[in-house]
Structures are given as structure tokens and as C-alpha cells.
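A short worksheet on the structure shown next.
Residue numbers count from 1 along this sequence. Please read all numbers here as calculations on a predicted model, not as lab measurements.
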Amino acid sequence: MDAPLPGPLAPDHLDEVDEAPASREVRSYSYEDAHPPIHITPPKTPPPKTPPTPAAAEGPSPAQVVAAMSEANASAVLALVMSESNPLSEHAALQQFAAGLSQGGCLRVTVLAGGLTNCSYRVWLDATQDDPDSEYEGGPAVFAKLGFSHAPWNEGFEYPQERLVGEATAMSVFGMVAPGCAAVPFFVREVADGTILVTEYSTTDEQIANQFIEGCVDPRPVVGLARALAKLHCAGSGAAKRVGVEVSTFNELVRGCTLDMLQSLGSTDLAKIRAGKGRLAKLANQIPSVGSLFEALIASYERKDCLIHSDAHAFNMLVEPKPSTAIYDFAKFAERGTFTLVDFEMSMAGPIGKDAGTFMSFPLCAVLAHARDSNNPDALDIRRLMHTFWDQYELELRANGKGDEFVRDAFVSSVGWCGFFTLINAINEFHIDLLHFDHELDLAKVKDSAGVMGLKWLELAFNPDKTKGLPLGEIKQRFFSVVDQELIEVQQGVLILDLGNEDDGDVDAHIKKLLRLSTTDSRRSSVLRQSLTKVSDAEFYGGPKRRRSTLQFAIGESFVADGRQSAGSEQEDDDSEEEFSPEQAPLTGKELVEGWEAGGA
């Protein structure tokens with residue numbers, strides 16, 4: 001890693017900290033606003049928009065902490081990117097930044113997502129500055145991620161800053177084995193109490209989860225992801241060695257943090273499951289060795305089969321936005337069908353099935369939500385697409401020389417990880433509540449069925465008696481039959497099924513009947529797309545869902561073209577130029593909370 005830079009700057013105040021940062025006005029900071037270094041003095045409690053309540057007096061909510069943390073450090077990210085903008089840079093975007101700044105333009109930053117471990121930003125060149133309050137974001141741009149060393153969701157564990165170095169390395173390796181499927185990393189810089197990663201900004205910037213929520217999914221990027229992941233799992237180790245990385249020890253520091261989280265979730269979720277009242281609780285209490293399934297999953301996590309992404313869910317896969325968000329145009333997709341996989345910071349040597357299983361989890365939950373909404377054509381299309389996803393993954397494994405035993409093991413492993421993520425999704429509402437539900441009863445019904453699916457898959461993967469001696473084809477049939485059974489179950493109470501003399505055990509007959517009774521009229525646009533919301537992994541660990549903030553900062557009213565110095569525009573009382581020298585460290589969520597409780601310092 002390059003030598004540490006001085007700590008970043010922060011704006012001198014936090015104005016009002018509210019629950020909906022996207023509603024804020026666009027603001028700009030000139031260079032003088034950020035220099036010399038200014039220390040944030042947060043208020044004791046966020047200024048309430050309504051009379052104080054007992055809950056408000058206890059301090060800021062997680063959403064307020066994340067909003068304040070993301071926005072307070074935006075100018076620091078901006079200052080770093082500006083210092084790296086140079087006409088001699090090897091990266092075109094940084095060259096364009098330097099040229100634009102030297103001609104009177106300015107850089108602006110937009111908060112994309114804020115979490116309890118990282119904050120992400122889009123830094124872009126506003127070459128015109130015709131309207132300082134404009135939200136125009138055309139022209140060259142870069143992506144920046146600010147990572148903190150500690151996460152409030154796991155105070156007892158240090159979250160290594162080196163993970164962003166690992167992320168940049170993994171992005172490079174993935175780009176080697178699957179060209180064009182990962183953004184190009186530009187640089188990683190250490191700052192006090194944090195690390196900043198800057199990469200190219202991908203033009204595929206919509207989470208594919210939106211399409212699963214809506215029901216019409218472009219199959220091209222899904223097929224592309226299946227093939228790209230298989231290439232990573234087969235060729236990633238060799239590609240890593242070409243850049244001097246030993247996969248068996250790569251990014252090993254992140255393993256302990258996730259292992260700690262898995263152990264915690266396993267124990268707390270098992271208690272939640274058994275204490276419930278639905279079908280999931282009944283199933284869990286019928287399985288005498290259910291605790292051993294979680295133990296087997298944790299043991300699986302310790303495997304080092306190959307280089308994996310380790311967090312390849314549908315919210316970390318970006319695709320081109322649809323040309324229209326009108327309901328009647330849902331089936332129209334972008335021209336190229338490309339995708340970008342993001343958030344590689346947890347990449348490591350791990351179990352081969354973790355990536356495929358993680359990806360399939362949310363789409364298969366979406367199958368249940370659409371079925372509950374009587375939208376069975378889309379539900380079954382997504383179910384078939386997940387079958388295609390696995391088939392394409394298997395074909396690519398075999399094309400890379402993997403035999404029957406390897407492929408079978410990969411599928412069984414993916415069943416287990418799909419089961420785990422589906423189960424904790426159902427229990428903790430990590431992503432499942434982002435699907436469309438008309439009533440709380442609908443959400444509860446789908447959660448219960450998703451939990452049943454997840455637990456059955458955990459048992460299928462980690463109870464040796466369930467798969468002993470079975471060929472791959474039979475295991476696949478059992479996996480998808482669980483989906484089909486729950487697809488029918490979620491519609492009880494929604495449709496009156498006149499099945500006549502059809503055998504109650506004939507799942508195919510049930511589904512054919514449901515298709516005759518269903519419609520796609522219930523399709524609705526994703527509220528995430530409508531509200532420009534991107535979902536952060538922070539919500540996995542108790543944080544809020546992050547609305548994309550329109551709060552922007554601008555810096556660099558004038559600029560020396562070598563990219564190393566910056567001076568402010570003339571002021572009435574001071575027209576001198578000063579060398580840029582930031583000294584303040586980024587604020588973490590914990591520090592902001594302590595500041596509010598202490599009344600600021």
C-alpha cells in the first residue's frame with residue numbers, strides 16, 4: 001500500500017440530521033470552506049422536526065448516524081480524488097478531472113450509500129458550474145469507497161483496513177478471468193482511521209435486484225454472471241499468482257470477522273426459529289439435529305476450495321438500467337445486457353458453493369413474493385432462470401476441466417449457502433421486505449415459506465443422509481422441488497384452488513393450474529428504482545437502508561494543473577493561495593454517537 005496520507009477534511013457543521021437525507025438541498029463547498037482543517041462539532045441530539053419524544057432523547061438513530069457519517073466525510077473523499085487528478089495520470093477520468101479543473105470546472109461528490117463499515121460516493125466533474133445548485137452529473141466520474149477500521153455492528157472485532165487493498169486486488173483478478181465484469185481499481189490510500197479505494201465508475205449502475213423485485217429479469221447478465229463466477233472459481237488462483245498473490249492466504253484477515261458474525265447469527269437465529277409459531281418453527285422442532293446444520297455450515301466456511309467473491313448477492317450485481325420504467329415496458333431491456341460485480345472486499349479462498357448459493361437466494365425469495373401476488377408467470381420465469389443460472393455455471397466448470405465429483409460437490413455446497421442466506425433473510429428481513437407486499441400478512445406468509453425453504457436446503461446440504469449416494473440430477477431435482485412446494489404454499493388463502501381429481505402430491509399439476517388462474521396485472525415498478533435507493537450491506541448488521549443522498553459538495557474553484565495544489569477563489573479579505581494539507585481523520589459512526597452523547601468537542 002502507498003504511504004499513508006494525512007487525514008481527510010470534514011465540513012464544519014452537520015446542519016440538521018434527519019431520517020431522509022435524500023430530501024436535502026444540494027449544497028456546494030468551495031476550497032475555502034474546507035481549508036484549513038475544520039473539526040466537526042455535532043449537536044447533542046439531532047434537531048427534531050417534531051416535538052421531542054422519549055425515543056428521540058436517547059440519541060441519534062442508526063439512519064441519522066449513517067447519514068451524518070457519510071456526508072461529514074464526503075469532502076475528505078473529494079479532496080483525495082482532487083489531489084490525485086493529474087494530466088499525466090494513467091487513468092483517463094483523472095486526466096479529465098485535471099483538465100476540467102484547470103479550465104474553471106469543479107469536482108462534486110454524491111453520497112451513493114452509507115453503511116456502518118463503509119461509505120460510498122460518486123465523484124464527478126461539473127465542467128460548467130452554470131448553476132451551483134444543479135444536480136447535473138454528466139461527464140467523467142469515479143467511484144470512491146471510504147472504509148473504517150471498526151464496525152458498530154461488531155464492536156469487539158477490528159475490521160481490517162487492508163480489506164480494501166484486498167478488494168482492489170480481487171477486482172483486478174476478476175477482471176483478468178472475466179474481462180469487463182468488474183470496475184478497474186485506480187488506487188488505494190490510507191488515511192487516519194480509514195482507507196479510501198477509488199475505481200472507475202461503472203455505467204452499469206442499477207442493482208439487478210430491482211428486476212427481480214419487478215418480475216421481468218434480463219437473462220443475459222444472469223447467464224454472464226454464472227459463467228464469470230465459474231471462471232473465477234476455476235482460474236482465479238492462477239490469475240492471482242500472476243500478480244503475486246497466494247490465494248490460500250489472500251485477504252485472510254476478513255475471515256474471522258465473518259466467522260464471528262456467522263456464529264452469532266447461527267445461535268440467535270436458531271433461538272428465534274424455535275420460538276416461532278409458523279411452519280418454520282414446527283419444521284425446526286421436528287429436526288433433532290438442527291443445531292448441527294449450523295455447525296456444518298460454519299465448518300464449510302473454513303474450506304479453501306478456490307478464490308471466491310464471498311458476497312455475490314443480487315444487490316452487488318449492477319446492470320444497465322432499463323430503457324423505460326413504465327409497467328408496459330418492463331420486458332424491454334438495455335441493448336448490451338452487460339453487468340458489473342461489485343463489493344469484493346470480502347473476497348478470499350473459501351467454499352466453492354458460497355457465491356452461487358448467495359446469488360440464488362434473493363431471486364428465489366422473489367419467486368415466492370410474486371406467487372403470493374398471484375403473478376405466477378413471472379414467479380416461474382425467475383425459477384427457471386435460476387435453473388439456467390446453475391446450468392450455465394455447471395457448463396463453465398466442465399469447460400474448465402472439472403469432473404462429476406467436483407461439480408456435484410459445488411452444487412451441494414451452493415444448496416447449503418443458499419439455504420443459510422434464505423433462512424436469515426426470512427428471520428431478520430435483510431432483503432425480503434424490499435419485495436412487493438400489499439399487507440403485513442403477505443410478508444409474514446412469504447417469510448415463513450422462505451424460512452422453510454432455507455432450512456430444508458440446509459438439511460439437504462449438511463445432513464449426509466439426505467444426499468448419500470444420490471447423483472447430481474436427483475439433488476438438483478430435490479432442491480427445486482422445495483421451491484415448487486413453497487410456491488404453492490404461499491398462495492393458500494389467495495386463490496381458491498379447484499384441483500378436481502388432480503393428485504395433491506403432483507406439484508407440476510398444481511403449478512399448471514395456478515398458471516391458468518394467475519395474471520401479470522399485479523406487476524409494479526421497484527420502489528428502490530423510483531426513489532434512487534441503493535441497498536447497502538449495513539442493513540445485514542442492524543443498520544438502515546440507505547437512500548441515495550442528493551447532498552453534494554464541491555471543491556476547487558480554481559486549480560493548479562499538476563493536481564497537487566489547490567487554491568480557493570478570491571475572497572474580499574484573503575486572496576492568497578495555500579498548499580492543500582488535510583489533517584483530520586474521518587469520523588466513524590461510533591465517534592458521532594459519542595459526540596452527540598457528550599455534547600460535542
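- The shortest side-chain heavy-atom distance between His431 and Cys365 does not fall under the 4.5 Å cut-off.
- Ser300 and Trp417 share a donor-acceptor pair across their side chains, judged by distance under 3.5 Å alone.
- Leu232 and Leu307 make their closest contact through CG-O, 3.6 Å (heavy atoms, listed as atom of the first residue, atom of the second, distance).
- The side-chain tip of Lys476 does not point at the ring of Phe479 from less than 6.0 angstrom away and within 45° of straight on.
- Put simply, the side chain of Ser361 never gets that close to the backbone of Gly357: no donor and acceptor are under 3.5 Å apart.
- With Phe143 as the aromatic partner, Arg122 does not meet the cation-pi criteria of under 6.0 angstrom to the ring centre and within 45 degrees of the ring axis.
- Judged purely by atom type and a 3.5 angstrom limit, His309 uses its side chain to pair as donor or acceptor with the backbone of Asp343.
- Pairing each heavy atom of Ala379 with each of His370, the nearest pair is CB-CB, 3.9 Å.
- One N or O on the side chain of Asp448 and one on the backbone of Leu280 form a donor-acceptor pair closer than 3.5 Å.
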- Go through the steps for Glu167 and Arg163 under the test salt bridge (Lys or Arg N to Asp or Glu O under 4.0 Å), then give the verdict. CA-CA 6 Å; Glu167 178 167 11; Arg163 70 187 185 277; over 6 Å; no
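- Pairing each heavy atom of Met453 with each of Leu364, the nearest pair is CE-O, 3.9 Å.
- Under the 3.5 Å distance criterion, with hydrogens and angles disregarded, a donor-acceptor pair is assigned to the side chains of His233 and Asp355.
- Within the 4.5 Å cutoff, the side chain of Phe294 has heavy atoms near those of the Leu423 side chain.
- Relative ring orientation between Phe480 and His387 is described as parallel, the plane-to-plane angle staying below 30° on a 0-90° scale split at 30° and 60°.
- Ring planes of Phe212 and Phe362: perpendicular class, angle over 60° (limits at 30 and 60°).
- A donor-acceptor pair under 3.5 Å links the side-chain atoms of Glu320 to the main chain of Gly337, judged by distance alone.
- Side-chain atoms of Glu345 and Asn118 include a donor-acceptor pair closer than 3.5 Å.
- Using a 4.5 Å heavy-atom cutoff, the side chains of Ile475 and Arg478 are not in contact.
- No hydrogens or angles considered: a donor-acceptor pair under 3.5 Å links the side chains of His313 and Asn316.
- Put simply, the side chain of Asn463 gets close to the backbone of Asp465: a donor and an acceptor are under 3.5 Å apart.
- Looking only at distances, no side-chain donor or acceptor of Lys402 sits under 3.5 Å from a matching main-chain atom of Val407.
- For the 3.5 Å distance criterion, the side chains of Thr338 and Thr204 fail to qualify, holding no donor opposite an acceptor.
- Of the possible donor and acceptor atoms, one in the side chain of Ser414 sits under 3.5 Å from a partner among the backbone N and O of Phe411.
- Remark: side-chain polar atoms of Ser449 are not paired, donor with acceptor, to backbone N or O of Val446 under 3.5 angstrom.
- Side-chain atoms of Gln211 never come within 3.5 Å of backbone atoms of Val217 as a donor-acceptor pair (strictly under, hydrogens ignored).
- Residues Ala183 and Met171 come closest through the heavy atom pair O-CE, 3.1 Å.
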| request: Given salt bridge (Lys or Arg N to Asp or Glu O under 4.0 Å), test Glu252 with Lys304 step by step and report yes or no. | output: CA-CA 11 Å; Glu252 186 69 13; Lys304 296 184 177 182; 3.6 Å; yes
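- Although no hydrogens or angles enter the test, the distance criterion places no donor-acceptor pair under 3.5 Å between the side chain of Thr199 and the main chain of Pro185.
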